[in-house]
Asker: 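Pasting in a structure now, in structure tokens, and then I'll have a few things to ask.
Values in this document were obtained by computation on a predicted structure and should not be read as measured data. FYI, the numbering just counts along the sequence from 1. No hydrogens, no waters, no symmetry mates; every other heavy atom, side chains included, goes into these values.
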Amino acid sequence: MKLRSHQITKGPERAPHRSLLKAIGFTDTELQRPLIGVAQSANEVIPGHIHLDRICAAVKDGIRMAGGTPMEFSTIGICDGIAMGHEGMKYSLASRELIADSVESMARAYPFDGLVLLPNCDKIVPGMIMAGARLDLPTIVISGGPMRTGVCNGKEIDLITVFEGMGKLRVGELSQEQLTELEDSACPGAGSCSGMFTANSMNCLTEALGIALPGNGTTLAVDAARIRLAKESGMAIMNLVAKNITFRQILTKEAFHNALAVDMAFGGSTNTSLHLPAIAHEAGITLPLADFNQASLKTPHICNMSPGGPDHMEDLHQAGGVSAIMKVLTEKGLLTEACLTVTGKTIGEILADPSVKVFNHETIRPLDNPYHATGGLAILSGNLAPDGAVVKQSAVAPEMLQHQGPARVFNTEEEAFTAIINQNINKGDVIVIRYEGPQGGPGMREMLSPTAALAGIGLDKDVALLTDGRFSGGTRGAAIGHISPEAHAGGLIGLVEEGDQIKIDIPRRTLELLVENSVLERRKTDWLAPPAKITKGYLARYARQVGSAAQGAVMS
């Protein structure tokens, strides 16, 4: 069997290469076996990654058990929750490209025969998968798993409870002592935050895409089952190498449509509308926002996960996990069952196993009794967002699905947050936060602090928030993000003035600025693109090269 790694391990002309590898401690026997790159992102700054060294060791055990030689290397990682609300959030989405580039660089410099991707949180998951799609090697994803649900005074809580607690403190609904209790209890240990936020949405979608073993999205970080899954993933990569099943053979257009259906069914993060198109782009596939709407219109929302509902990841796992959701979706032909997976089996063959079933019909409802008739996400368009905007409609109060109100305009997240926390926002207002897009931010910051503050002071059912930035997977309420084109690129959101009427109609998928065209034309002639906020370093390069959020905010 001719291996890619023979470029550095086989023949007398590779003696210098082998000499350097032996300096690491590799034996001749190890160097005769397939070399498997293990891209891991363990660090001491992200709770979702603090335990990845142990998961990585299990992956390497599995590789060795199946006759391979693992070669571990690292990537960076940023915790969105810790980066939230300050300059650090500008680097979060931008770090996705650095992660993809770093994994690509390592796998080109070292001709691995296969690749195991070991991420867990936010941008690390899509960044690694993007690299896998570029490289098109035999590749498998194994995440670190979700965090246990927090409990405080007998009630289940999560990180979003703490964010919203800040607002409750301000209006006197919570004492400082009670907020501290929440702070101490919401995140009980290792793992990605326990709701269906961005990290868990993407980790669950690895199963739907077929690039991870069943259970990857929902098996808890602290469970022994996660260690076993890691070993099984290490063994599975060797089978993929033996059969030369590469990433792009699995990441087909049909696989992405399966992921969209599952995303709509469990009500995933709005950030999936950035990451799935970006991954598809790397795989040579176009995944327009229109595909999200098509999936949403035909796929019922059957899981009521935090932040929109009460359930957390361990509830979903005990109810049957992602496989159970997928089995429900096959009842009405909402998935392509012929899609190949890293198990070597098709989706249909995996779901045919009698052990795949729903164990809790409230956590995973049947299609004829959904929480909502349409999917968790909706793509809006109109004069304010001609290229699209994204909302997690499953987390919007019914009374806010259709809304019209006066614009309250802010040019930064900080300005808006200050107005909210000082209670300078009125019922019925439509908050507009602009110049926070991929180019203008730069980095398209998440707006969890403002949305959580709105919820905390009790205005999440009365006030809408619009931005060319984005929202955390933990955001709830009428929060509409990714407005494209962004203000910095000349989008209409840059022409909105205080008091302008804005009309939102989520069921009809429309977003309109109710200002005469003649008035807008006059404003446009007076508009000047603002100077770049950052002129040096990586973010300056990112701002110059990044594309629209409507196409996944990929760099050219």
Asker: Look up atom OG in Ser185 and atom NZ in Lys155, then write down how far apart they are to the nearest 0.5 Å.
Answerer: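 Interatomic distance, Ser185 OG to Lys155 NZ, rounded to 0.5 Å: 13.0 Å.
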
Asker: For the backbone of Gly473 and the side chain of Lys392, can you confirm whether one donor and one acceptor N or O come within less than 3.5 Å of each other?
Answerer: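 Yes, Lys392 side chain to Gly473 backbone: donor-acceptor pair under 3.5 Å.
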
Asker: Donor-acceptor pair, Thr475 side chain versus Phe471 backbone, under 3.5 Å?
Answerer: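 No; zero donor-acceptor contacts below 3.5 Å.
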
Asker: Testing the 3.5 Å rule here: is there a donor-acceptor pair between the side chains of Arg170 and Asn422?
Answerer: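 Yes.
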
Asker: Flag yes if more than 12 heavy atoms outside Lys253 fall under 6.0 Å of its NZ atom; otherwise flag no.
Answerer: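 Check passes, neighbour count above 12.
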
Asker: Give a yes or no on whether the backbone of Leu448 and the side-chain of Thr451 come within a donor-acceptor separation of less than 3.5 Å.
Answerer: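 Between the backbone of Leu448 and the side chain of Thr451 there is a qualifying donor-acceptor contact (under 3.5 Å).
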
Asker: Once salt bridge (charged side-chain N to carboxylate O under 4.0 Å, His left out) is applied, do any residues pair with Arg509, and if so which ones, sequence neighbours excluded?
Answerer: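 Arg509 satisfies salt bridge (charged side-chain N to carboxylate O under 4.0 Å, His left out) with no residue once adjacent residues are dropped.
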
Asker: Judged by modelled atom types alone, do Ser269 and Thr198 share a side-chain donor-acceptor pair under 3.5 Å?
Answerer: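 A pair is found: one side chain offers a donor N or O, the other an acceptor, under 3.5 Å apart.
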
Asker: Would you tell me whether Thr272 and Asp263 have side-chain atoms, one donor and one acceptor, within less than 3.5 Å of each other?
Answerer: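 Yes, a side-chain donor-acceptor pair sits under 3.5 Å.
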
Asker: Should Ser143 and Thr206 count as side-chain neighbours, where that means a heavy-atom distance under 4.5 Å?
Answerer: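 The answer is no, as the side chains (C-beta and beyond) never meet within the 4.5 Å cut-off.
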
Asker: Answer yes or no: does atom CD of Glu44 have more than 12 heavy-atom neighbours from other residues, nucleotides or ligands under 6.0 Å?
Answerer: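 Atom CD in Glu44 is not packed in, count stays at 12 or less.
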
Asker: Quick one: which residue pairs count as a side-chain hydrogen bond (donor to acceptor under 3.5 Å, both in side chains) with a foot in residues 536-553, not counting sequence neighbours?
Answerer: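 For residues 536-553: none.
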
Asker: Decide yes or no for Ile142 and Leu117: does some side-chain heavy atom of the first lie under 4.5 Å from some side-chain heavy atom of the second?
Answerer: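 With C-beta onward as the side chain, the pair stays apart.
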
Asker: Measuring from atom CZ of Arg470 to atom CD1 of Ile483, what distance do you get when rounded to the nearest 0.5 angstrom?
Answerer: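 Reported to 0.5 Å precision, the distance equals 15.0 Å.
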
Asker: Between the side chains of Asp101 and Arg96, is the shortest nitrogen-to-carboxylate-oxygen separation below 4.0 Å, so that they form an ion pair?
Answerer: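 Salt bridge between Arg96 and Asp101, a charged N being under 4.0 Å from a carboxylate O: no.
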
Asker: Tell me, do Ser194 and Arg148 make a side-chain contact under 4.5 Å, heavy atoms counted?
Answerer: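 Heavy-atom side-chain distance check fails, nothing below 4.5 Å.
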
Asker: Just by modelled atom types, is the Tyr435 backbone N or O under 3.5 Å from a matching donor or acceptor in the Asp468 side chain?
Answerer: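 It does hold such a pair.
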
Asker: Tell me whether Arg365 forms a cation-pi arrangement with Tyr371, defined as NZ or CZ under 6.0 Å from the six-membered ring centre and within 45 degrees of its axis.
Answerer: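 Positive - Arg365 is close enough to the ring of Tyr371 and near enough to its axis.
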
Asker: Determine, for Glu414 against Arg445, whether the closest basic-nitrogen to carboxylate-oxygen distance falls under 4.0 angstrom.
Answerer: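 A salt bridge links Glu414 with Arg445.
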
Asker: Looking only at the side chains, is there a donor atom on one of Thr149 and Glu314 sitting less than 3.5 Å from an acceptor on the other?
Answerer: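 Side chains of Thr149 and Glu314: pair found under 3.5 Å.
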
Asker: Decide yes or no for Ile431 and Val463: does some side-chain heavy atom of the first lie under 4.5 Å from some side-chain heavy atom of the second?
Answerer: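 SC-SC contact between Ile431 and Val463 confirmed.
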
Asker: For the residue pair Asn153 and Glu181, confirm or rule out a side-chain donor-acceptor distance under 3.5 Å.
Answerer: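 Checked: Asn153/Glu181 side chains pair up, N/O donor to acceptor below 3.5 Å.
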
Asker: What pairs meet the side-chain hydrogen bond (donor to acceptor under 3.5 Å, both in side chains) rule with one or both residues in residues 374-389, with sequence neighbours excluded?
Answerer: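 Non-adjacent pairs meeting side-chain hydrogen bond (donor to acceptor under 3.5 Å, both in side chains): Thr374-Gln393.
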
Asker: Would you check if Met264 and Leu377 make a side-chain contact, meaning some heavy-atom pair closer than 4.5 Å?
Answerer: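 Yes, close enough: below the 4.5 Å cut-off.
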
Asker: Is there a donor-acceptor pair closer than 3.5 Å between any side-chain N or O of Asp315 and the backbone N or O of Asp311?
Answerer: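 No; judged by distance alone, with no hydrogens or angles, the pair does not exist.
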
Asker: Please confirm whether the backbone N or O of Leu98 pairs with a side-chain atom of Ser95, one donor and one acceptor, at under 3.5 Å?
Answerer: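 Not a single qualifying donor-acceptor pair exists.
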
Asker: Kindly give the heavy-atom pair with the smallest separation between Leu118 and Gly144, and that separation in Å.
Answerer: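 Closest approach of Leu118 to Gly144, heavy atoms only: CD1-N, 4.5 Å.
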
Asker: Would Ser306 and Asp158 count as a side chain to side chain donor-acceptor pair (under 3.5 Å) here? Give the steps.
Answerer: CA-CA 9 Å; Ser306 176; Asp158 53 40; 2.7 Å; yes

Asker: Looking just at side-chain N and O atoms, do Asn200 and Ser192 make a donor-acceptor pair shorter than 3.5 Å?
Answerer: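 Indeed, the side chains of Asn200 and Ser192 share at least one donor-acceptor pair under 3.5 Å.
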
Asker: Keeping His403 on the side-chain end and Leu401 on the backbone end, is there a donor-acceptor pair under 3.5 Å?
Answerer: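 Absent.
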
Asker: So do the side chains of Leu466 and Ile433 get within less than 4.5 Å of each other, counting heavy atoms only?
Answerer: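 Side-chain contact under 4.5 Å: no.
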
Asker: With sequence neighbours excluded, what pairs up with Asp429 under the salt bridge (charged side-chain N to carboxylate O under 4.0 Å, His left out) test?
Answerer: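 Scan of Asp429 (salt bridge (charged side-chain N to carboxylate O under 4.0 Å, His left out), adjacent residues dropped) gives Arg408.
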
Asker: With no hydrogens and no angle check, is any side-chain donor or acceptor of Asn120 less than 3.5 Å from a backbone partner on Gly48?
Answerer: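 It does hold such a pair.
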
Asker: Okay, side chain of Lys533, backbone of Pro442: is any donor-acceptor separation there less than 3.5 Å?
Answerer: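 Answer holds: no.
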
Asker: So do Val390 and Asn271 actually touch side chain to side chain, heavy atoms under 4.5 Å?
Answerer: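 Asn271 does not reach Val390 side chain to side chain.
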
Asker: His372: what forms a ring-ring contact (aromatic ring centres under 6.0 Å, His included) with it, not counting sequence neighbours?
Answerer: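 So His372 forms a ring-ring contact (aromatic ring centres under 6.0 Å, His included) with His301.
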
Asker: Between Gln402 and Asp505, do the side chains contain a donor N or O and an acceptor N or O under 3.5 Å apart?
Answerer: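 Yes.
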
Asker: Say you draw a straight line from SG of Cys152 to CD of Glu183; how long is it, rounded to the nearest 0.5 Å?
Answerer: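 Rounded to the nearest 0.5 Å, the SG-CD separation comes out at 11.0 Å.
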
Asker: Would you mind reporting whether Ile534 and Lys90 have side-chain heavy atoms less than 4.5 Å apart?
Answerer: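 Lys90 vs Ile534: side chains touch.
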
Asker: Is it true that Arg434 and Glu486 have a side-chain N and a carboxylate O under 4.0 angstrom from each other?
Answerer: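 No salt bridge links Arg434 with Glu486.
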
Asker: Say whether His257 and Asp291, considering side chains only, have a donor N or O and an acceptor N or O under 3.5 Å apart.
Answerer: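 Present: a donor and an acceptor within the cut-off.
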
Asker: Who passes side chain to side chain contact (heavy atoms under 4.5 Å, CB included) against Ala529, sequence neighbours left out?
Answerer: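 So Ala529 forms a side chain to side chain contact (heavy atoms under 4.5 Å, CB included) with Trp527.
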
